[in-house]
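Have a look at the structure below before the remarks.
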Amino acid sequence: MISDAFRSQMQALLGNETPAFEAALQQVAPVSVRHNLAKSSGLFSEQTDAVLWCSAGRYLPTRPVFTLDPLFHAGAYYVQEASSMLIDYALRQVANVAEPLRVLDLCAAPGGKSTLLAAALHPDSLLLCNEVIRSRVGILKENVQKWGLPNLHVSHHDPEDLATLVGFFDVILVDAPCSGEGLFRKDPAAMNEWSPESVLTCAGRQKRILTAAAPLLKPNGLLIYCTCTYNATENQENAAFLANELDFEEMPLNLPSEWGVARQAFGYQCYPHRVRGEGFFLSVFKKKNGLEEVRESVFAFRAMKALHHKDVRVVESWFENPADYDFFIKPNQEIVAVLASQADDLKILDKALSTKGLGFEIGTIKGKDFIPSHALALSTAIAAHLPRVELNANEALQFLKKENLLFDAPKGWLLVTHQGLGLGWAKNLGNRVNNYLPKEWRIRMSIEQISG
Ligand code: SAM
């Protein structure tokens with residue numbers, strides 16, 4: 001039920017468009033996904049419509065049970081609301097994505113926009129995906145691992161904890177926690193939590209996040225501020241705060257008018273009666289001033305040590321392009337691969353942050369055996385020549401339920417794939433095959449719906 005307070009707010013914003021807006025709220029929300037072109041370009045169905053502002057985005061005719069699609073678990077696509085894919089278009093327009101950039105996704109969980117940024121950025125860009133709420137860091141890590149790119153790193157900090165990284169980033173995305181008005185159609189229960197007071201609380205929190213983010217950008221660095229809400233307090237007033245008090249200038253975007261995105265005093269608004277998507281606010285700002293940080297070089301990670309060269313030879317064989325990586329070992333014996341092109345930047349982050357999760361954990365060595373991590377199975381960095389076993393959809397779902405299967409395959413480690421994409425590891429011992437899917441990744445729902 002739309003409250004009177006929300007209705008009058010929307011009337012003030014939309015005037016005679018309000019009936020069309022309210023009618024749109026009664027419609028079923030469109031279902032959209034964004035394909036992971038780093039993993040596969042051949043999965044687009046011809047029956048799907050393209051999202052106009054994101055070449056990898058597609059609308060699906062109906063909502064499938066994504067849990068029962070092995071490709072979902074393989075990170076072949078991310079289920080993402082279409083309006084928010086506008087960030088892809090904006091980023092490509094305002095940032096030099098042909099060059100490696102240092103990028104911060106400050107409010108990152110569950111990771112939808114992190115994977116979107118990663119897809120648009122140069123592969124040597126360093127993307128720090130940060131989430132302050134501890135209970136949401138796990139799902140962020142999972143989605144980042146599924147996406148499979150080695151240049152993403154997850155951290156768990158309050159935005160103010162990043163304060164020593166003055167002038168470090170070229171781009172910061174603040175996809176702020178908000179009152180969520182734009183998602184009322186997808187989640188009608190959220191309407192009950194909305195109130196003018198909660199809008200004010202959200203706006204104050206957003207202002208604090210923007211204040212913490214601003215110094216972390218280089219001069220001329222870009223700040224993308226977005227919310228999934230409509231009200232002026234969270235959107236326009238905070239955008240004005242950036243322009244008037246934090247020394248940013250707005251960067252106008254060139255959006256075709258037929259897309260239906262509404263220009264606001266600051267930024268752009270998607271409304272569900274105008275675009276095929278949910279409510280979403282997007283604005284892009286350039287930092288006007290500030291000094292380029294002169295930073296001392298950092299020569300080593302705090303706790304990680306270079307991997308012994310005999311072990312480097314072992315792990316290199318699991319990578320398609322091992323020369324692109326430096327290998328390290330953590331005190332807990334986890335081996336980490338770091339893109340050599342970004343090792344220096346990661347050392348700076350490692351010194352500045354208490355986070356221990358930087359780098360891409362690829363496995364451990366036990367005796368003579370390298371035990372590959374689940375993240376390595378999902379990674380685009382993995383060597384094409386590794387022994388693999390291809391499963392059909394039913395077998396793949398059994399594997400994803402962590403059932404043991406028998407394969408006719410060579411002994412030893414096997415990359416388990418569906419449609420060529422990694423799902424996890426199995427180890428063939430001859431008389432049985434062990435399923436190495438981490439138990440927290442296991443599908444818990446019944447898979448009977450698709451069998452037969
Ligand atoms: N960017 C995410 C995505 O696309 O998947 C969605 C982010 S959601 C809109 C906002 C995030 O901000 C949530 O994960 C929430 O936990 C986090 N958050 C909540 N309070 C915060 C705070 N005070 N500072 C920074 N982030 C906060």
Side-chain angles (χ1 to χ4, degrees), residues 36 38-40 70-76 141-142 144-150 152 304 307-330 332-339 357 359-443:
N36 187 348
K39 288 205 167 183
S40 173
L71 292 175
F72 170 75
H73 300 274
K141 279 193 177 152
E142 198 174 297
V144 162
Q145 287 181 7
K146 268 202 234 169
W147 204 249
L149 299 181
L152 278 67
M304 295 200 298
L307 189 65
H308 193 283
H309 59 264
K310 90 174 169 2
D311 292 336
V312 170
R313 277 204 298 278
V314 174
V315 297
E316 275 184 342
S317 62
W318 294 71
F319 281 76
E320 188 62 18
N321 297 306
D324 290 351
Y325 298 88
D326 293 339
F327 297 98
F328 297 88
I329 186 155
K330 290 187 172 180
N332 68 359
Q333 303 303 302
E334 262 309 327
I335 299 171
V336 166
V338 165
L339 276 172
F360 155 38
E361 291 183 351
I362 59 166
T364 50
I365 291 186
K366 288 225 170 88
K368 287 190 184 149
D369 202 8
F370 174 66
I371 301 173
S373 70
H374 189 59
L376 185 60
L378 295 167
S379 171
T380 56
I382 198 164
H385 65 75
L386 292 175
R388 43 179 74 206
V389 57
E390 169 70 15
L391 303 185
N392 66 29
N394 275 335
E395 293 163 339
L397 287 173
Q398 280 164 13
F399 175 79
L400 291 165
K401 276 193 78 83
K402 204 165 165 56
E403 288 168 11
N404 281 333
L405 298 165
L406 269 180
F407 307 133
D408 184 17
K411 278 194 187 174
W413 288 105
L414 297 166
L415 179 68
V416 176
T417 63
H418 176 64
Q419 295 193 26
L421 301 185
L423 293 173
W425 296 106
K427 194 170 186 190
N428 188 2
L429 304 174
N431 54 350
R432 68 168 202 275
V433 178
N434 285 345
N435 181 336
Y436 273 77
L437 189 84
K439 56 179 183 308
E440 58 285 8
W441 289 66
R442 183 170 72 85
I443 297 180

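This structure is a prediction, so every number in the text was calculated from the model and none was measured.
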- request: Could you tell me the separation between the OH atom of Tyr436 and the CZ atom of Phe399, rounded to the nearest 0.5 Å?
  value: 11.5 Å
- prompt: Where do Leu391 and Leu405 land on the side chain to side chain contact (heavy atoms under 4.5 Å, CB included) test, with the steps shown first?
  reply: CA-CA 10 Å; Leu391 303 185; Leu405 298 165; 3.9 Å; yes
query: Between Glu390 and Gly420, which heavy-atom pair has the shortest distance, and what is it?
result: OE1-N, 3.1 Å
- request: Using side-chain contact (heavy atoms from CB on, under 4.5 Å) as the criterion, point out the one residue from Asn434, Val433, Val389, Asp408 that pairs with Asn428.
  value: Val433
query: Quick one: are Tyr325 and Leu339 in side-chain contact, heavy atoms under 4.5 Å?
result: yes
task: Calculate, to the nearest 0.5 Å, the distance between atoms NE2 and CG belonging to His385 and Leu415 respectively.
output: 11.5 Å
- request: Would you confirm whether Thr380, through its side chain, and Gly148, through its main-chain N or O, come within 3.5 Å as a donor-acceptor pair?
  value: yes
query: Could you give the distance from CD (Glu142) to CH2 (Trp147), rounded to the nearest 0.5 Å?
result: 14.5 Å
task: Apply side chain to side chain contact (heavy atoms under 4.5 Å, CB included) to Asn435 and Glu403, showing your working.
output: CA-CA 7 Å; Asn435 181 336; Glu403 288 168 11; 5.5 Å; no
- request: To the nearest 0.5 Å, tell me how far Gln398 CD sits from Asn404 CG.
  value: 11.0 Å
message: Minimum heavy-atom separation for Gly75 and Asn36, please, with both atom names.
response: O-ND2, 2.9 Å
- prompt: Could you walk me through whether Leu400 and Phe72 pass the side chain to side chain contact (heavy atoms under 4.5 Å, CB included) check?
  reply: CA-CA 11 Å; Leu400 291 165; Phe72 170 75; over 6 Å; no
task: Over all heavy atoms of both residues, which pair between Leu406 and Asn431 is shortest? Give the atoms and the distance, please.
output: CD2-O, 4.2 Å
message: Strictly distance-based, threshold 3.5 Å: is any side-chain N or O of Lys146 a donor or acceptor partner for the main-chain N or O of Leu378?
response: no
message: Testing the basics here: between Pro70 and Leu423, what is the closest heavy-atom pair and its distance to 0.1 Å?
response: O-CD2, 3.5 Å
task: State whether the side chain of Asp326 and the backbone N or O of Val338 hold a donor-acceptor pair below 3.5 Å, judged by distance alone.
output: no
message: By the side-chain hydrogen bond (donor to acceptor under 3.5 Å, both in side chains) test, which pairs, at least two apart or in different chains, include something from residues 362-372?
response: Asp369-Trp413, Asp369-Lys427
Please report, to 0.1 Å, the donor-acceptor pairs under 3.5 Å made by any side chain of residues 307-322, with sequence neighbours excluded.
{"from": "His308", "atom 1": "ND1", "to": "Lys310", "atom 2": "N", "distance (Å)": "3.2"}
{"from": "Ser317", "atom 1": "OG", "to": "Val314", "atom 2": "O", "distance (Å)": "2.8"}
{"from": "Glu320", "atom 1": "OE1", "to": "Ala384", "atom 2": "N", "distance (Å)": "2.6"}

query: Under 3.5 Å, is there a donor-acceptor pair between the side chain of Lys411 and the main chain of Gly430?
result: no
field: Atom of Leu376, atom of Pro372 and distance for their closest heavy-atom approach
entry: CD2-CB, 4.0 Å
- request: Nearest 0.5 Å please: distance from the CG atom of Leu421 over to the CG atom of Leu71.
  value: 6.0 Å
- prompt: Which heavy atom in Leu437 sits nearest to a heavy atom in Arg442, and how many Å separate them?
  reply: CD2-CA, 3.8 Å
task: Could you tell me whether a side-chain N or O of Glu395 sits under 3.5 Å from a main-chain N or O of Asn392, the two making a donor and an acceptor?
output: yes
query: Quick one: CD1 on Ile365 to CD on Gln333, what's the gap to the nearest 0.5 Å?
result: 9.5 Å
